[in-house]
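Step one of this worksheet: look at the structure below.
Computed from a predicted structure; not experimentally measured. No hydrogens, no waters, no symmetry mates; every other heavy atom, side chains included, goes into these values. To find a chain, count down the sequence lines: A is the first, B the second, and so on, and within it residues start at 1.
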There are 2 protein chains.
Amino acid sequence: MGNPKQKWTSEEEEALRAGVAKHGAGKWKNIQRDPEFNHLLFARSNIDLKDKWRNLSVASGQGARDKSKTPKAKINPADTPATPLLTAQTSTPLFHHPKMHQQM
Amino acid sequence: MGNPKQKWTSEEEEALRAGVAKHGAGKWKNIQRDPEFNHLLFARSNIDLKDKWRNLSVASGQGARDKSKTPKAKINPADTPATPLLTAQTSTPLFHHPKMHQQM
DNA sequence: CCCTAGGGATAGGGTTAC
DNA sequence: TGTAACCCTATCCCTAGG
């Protein structure tokens, strides 16, 4: 595909913060159109601003996520094969439900 | 730890290749949902498909053959990389048109 | 018709097991 | 050590509601 995934720069993020401080959160189109920030946000759509703000909110204290590199005891993602059931299954694994990131 | 780490079978890999050929790379969820491939990929998530495709591409040497993957930490012990300064001073990316969620 | 809010999915980085 | 499989996060896409 042609999506190099444009990461947000510090300048863009600052412009977004300033824009929110000036116009208020939710006024994405207004912020994007503001000549004061359009210099830095011309490459972002109002939707992008919204998404970035959402991400910033989560990263700001919302989630007390411990970024420590201490995986300690990672809980088993799937059912723990505590029982090495030797049932007849050569190629077909058990009903190993995937992580189900998103499945409707 | 006891991570099952299900290795990909040839059938799954073939299904993935066929799925990509049919739906295109990037449409992982679509491939996984396809009744034609769900038979073999029901135990894999869309994320798994993406990851497997990435590993497949690397193994095929599609990407960069060079394994110098920009070490996060410093690698140059004493030698100075003769990397000429790129003219890329401004962080102005190419005119990447935003998805234009504004004016249609 | 335009814009915002939210959910869903993808791309890439980083970590762990073998 | 190197590779495969896995997990996490940022960004992008789609749809519903105002």
Side-chain angles (χ1 to χ4, degrees), chain A residues 1-10 12-13 16 19-20 23-33 41 43-60 62-63 65-78 81 93 96-104, chain B residues 1-10 12-13 16 19-20 23-34 41 43-61 63-73 93 96-104:
Chain A
M1 285 170 47
N3 255 17
K5 194 168 201 182
Q6 231 187 342
K7 270 199 61 207
W8 277 66
T9 64
S10 303
E12 288 175 314
E13 195 178 310
L16 174 57
V20 169
H23 296 276
K27 302 295 171 31
W28 312 120
K29 195 54 188 291
N30 210 319
I31 296 172
Q32 210 268 342
R33 278 194 302 179
L41 301 175
R44 305 288 181 177
S45 69
N46 47 341
I47 307 289
D48 289 327
L49 269 63
K50 182 215 22 129
D51 284 318
K52 182 58 178 176
W53 189 252
R54 169 172 54 173
N55 174 267
L56 284 173
S57 300
V58 173
S60 278
Q62 255 299 308
R65 194 148 190 85
D66 187 54
K67 250 339 213 1
S68 302
K69 308 293 179 210
T70 318
K72 335 145 194 134
K74 183 180 56 179
I75 52 175
N76 288 13
H96 240 280
H97 51 210
K99 305 317 161 307
M100 289 277 211
H101 254 271
Q102 270 111 24
Q103 176 79 50
M104 67 159 199
Chain B
M1 241 95 60
N3 228 350
K5 217 145 224 250
Q6 286 289 336
K7 280 219 35 143
W8 277 67
T9 64
S10 303
E12 288 175 314
E13 195 178 309
L16 175 57
V20 169
H23 297 277
K27 302 297 170 42
W28 311 119
K29 195 56 180 298
N30 212 319
I31 296 173
Q32 211 269 344
R33 268 195 313 176
D34 195 310
L41 300 175
R44 306 290 180 176
S45 70
N46 48 338
I47 307 290
D48 288 327
L49 267 60
K50 174 196 56 86
D51 284 320
K52 180 57 179 175
W53 189 253
R54 172 171 52 175
N55 279 351
L56 240 44
S57 300
V58 172
S60 281
R65 215 80 71 89
D66 190 64
K67 274 175 290 186
S68 311
K69 16 188 208 179
T70 320
K72 44 223 157 181
H96 245 280
H97 59 90
K99 296 313 169 293
M100 287 296 183
H101 268 277
Q102 18 188 77
Q103 261 88 310
M104 276 208 294

Establish whether the base of D/dA4 is bridged to the side chain of B/K7 by a donor-acceptor pair shorter than 3.5 Å. no
Rounded to whole Å, the CD-P distance (B/Q32 to C/dT10) equals 10 Å
To the nearest angstrom, the CH2-P distance between B/W28 and C/dG12 comes to 11 Å
Separation of C/dG7 atom P from A/N55 atom CG, nearest Å, is 15 Å
Side chain of B/D51, base of D/dA5: donor and acceptor closer than 3.5 Å? no
Here's one to test your reading of the geometry: is the NZ or CZ of A/R44 within 45 degrees of the ring axis of A/W8 and under 6.0 Å from its centre?
yes
Rounded to whole Å, the CD1-C1' distance (A/I47 to C/dT4) equals 7 Å
Rounded to whole Å, CG of A/L16 lies from P of D/dA10 at a distance of 14 Å
Here the gap from B/R33 atom CZ to B/K27 atom NZ, rounded to the nearest 0.5 Å, amounts to 11.5 Å
Regarding the side chain of A/W8, the nearest nucleotide among C/dA5, D/dT11, C/dT10 is D/dT11
Any strand, both distances under 3.5 Å, Watson-Crick or G-U wobble: D/dC8 pairs with C/dG12
With the side chain defined as heavy atoms from C-beta on, A/R54 is closest, among D/dA10, C/dG6, D/dA5, to C/dG6
Sorted by position of nearest nucleotide on DNA chain C, 5' first, the leading residue of B/K50 and A/K27 is A/K27
OP1, OP2 of C/dT4 versus side-chain N and O of A/W53: anything below 4.0 Å?
no
**Heavy-atom donor-acceptor pair, B/D34 side chain to B/I31 backbone, under 3.5 Å** = no
Check this for me: does the side-chain of B/K29 come within 3.5 Å of the base of C/dT10 through a donor and an acceptor?
no
Is the phosphate of D/dA5, meaning OP1 or OP2, less than 4.0 Å from a side-chain N or O of B/K52? yes
query: Quick one: does B/L49's side chain get under 4.5 Å of B/K52's, heavy atoms only?
result: no
Q. Looking at A/N46, does any N or O in its side chain come under 4.0 Å of the phosphate oxygens OP1/OP2 on C/dT4?
A. yes
A/L49 atom CG is separated from C/dC3 atom P, nearest whole Å, by 13 Å
Task: Polar side-chain atom of B/D48 near backbone of B/S45 as donor-acceptor pair, under 3.5 Å - done: yes
Atom NZ of A/K5 and atom P of C/dG14 are separated, to the nearest Å, by 12 Å
